[in-house]
Amino acid sequence: VLVALLPAIKLAATAVLWFIPMDDDGRRGALRRLKALDKWAMADVFARALAVVGIKLGDMASLEPRAGLWFLGAGVLGSVAVTLGLTRHG
C-alpha cells in the first residue's frame with residue numbers, strides 16, 4: 001500500500017503547496033513536513049526494486065521476508081523520527 005500511495009500523496013501535497021496561497025512561514029512549515037516523506041520515498045524505491053527482483057528470479061530462487069526486512073523498516077522509521085525531531089527543534 002505504501003509503495004503505491006506515498007508518491008501520490010507527496011505529489012498531491014506538492015500541488016496543494018503550489019496552488020494554495022499561504023504566507024511564507026506556513027509554506028516553510030509545510031515544506032519541512034513534506035521533506036520528512038523523502039525517507040519514505042526511498043523505502044518506496046527499495047520496495048519496488050525488491051518486487052522487480054522477485055519477479056525476475058521467478059523459479060530460480062525463493063524469496064521470503066526475514067529479520068533483515070524488519071531491521072530495514074525499523075531503520076527507516078528511526079530515521080524519520082530523528083529527522084522530524086531535528087526539524088522541530090532546529
Side-chain angles (χ1 to χ4, degrees):
V1 175
L2 180 69
V3 173
L5 287 180
L6 184 64
I9 291 170
K10 192 171 177 183
L11 185 62
T14 304
V16 167
L17 288 176
W18 183 266
F19 290 110
I20 302 295
M22 292 182 168
D23 62 346
D24 287 342
D25 290 335
R27 189 172 310 277
R28 272 191 219 104
L31 285 172
R32 203 171 41 243
R33 287 188 295 277
L34 188 59
K35 190 175 180 180
L37 290 178
D38 286 344
K39 300 290 183 190
W40 291 102
M42 290 309 297
D44 170 61
V45 170
F46 183 72
R48 288 179 192 215
L50 284 178
V52 168
V53 167
I55 290 169
K56 293 286 185 180
L57 285 178
D59 294 329
M60 292 181 356
S62 64
L63 298 174
E64 62 183 67
R66 294 208 154 188
L69 182 62
W70 295 108
F71 282 112
L72 174 70
V76 169
L77 289 175
S79 179
V80 168
V82 168
T83 302
L84 286 175
L86 288 175
T87 56
R88 287 187 182 152
H89 295 298

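Along the sequence shown, residues are numbered consecutively beginning with 1.
- What you find for M22 and R27 is that their closest heavy atoms are N-NH2, 3.5 Å.
- One finds a salt bridge joining R28 and D25 here, because a Lys/Arg side-chain nitrogen approaches an Asp/Glu carboxylate oxygen to under 4.0 Å.
- When hydrophobic residues (I, L, V, M, F, W, Y) are linked wherever their side-chain heavy atoms come within less than 4.5 Å, F71 remains an isolated member.
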Atom pairs and distances, side-chain donor-acceptor, residues 50-57, under 3.5 Å, sequence neighbours left out:
none

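- Grouping the Ile, Leu, Val, Met, Phe, Trp and Tyr side chains by contacts below 4.5 angstrom, directly or via other members, places L31 apart from V16.
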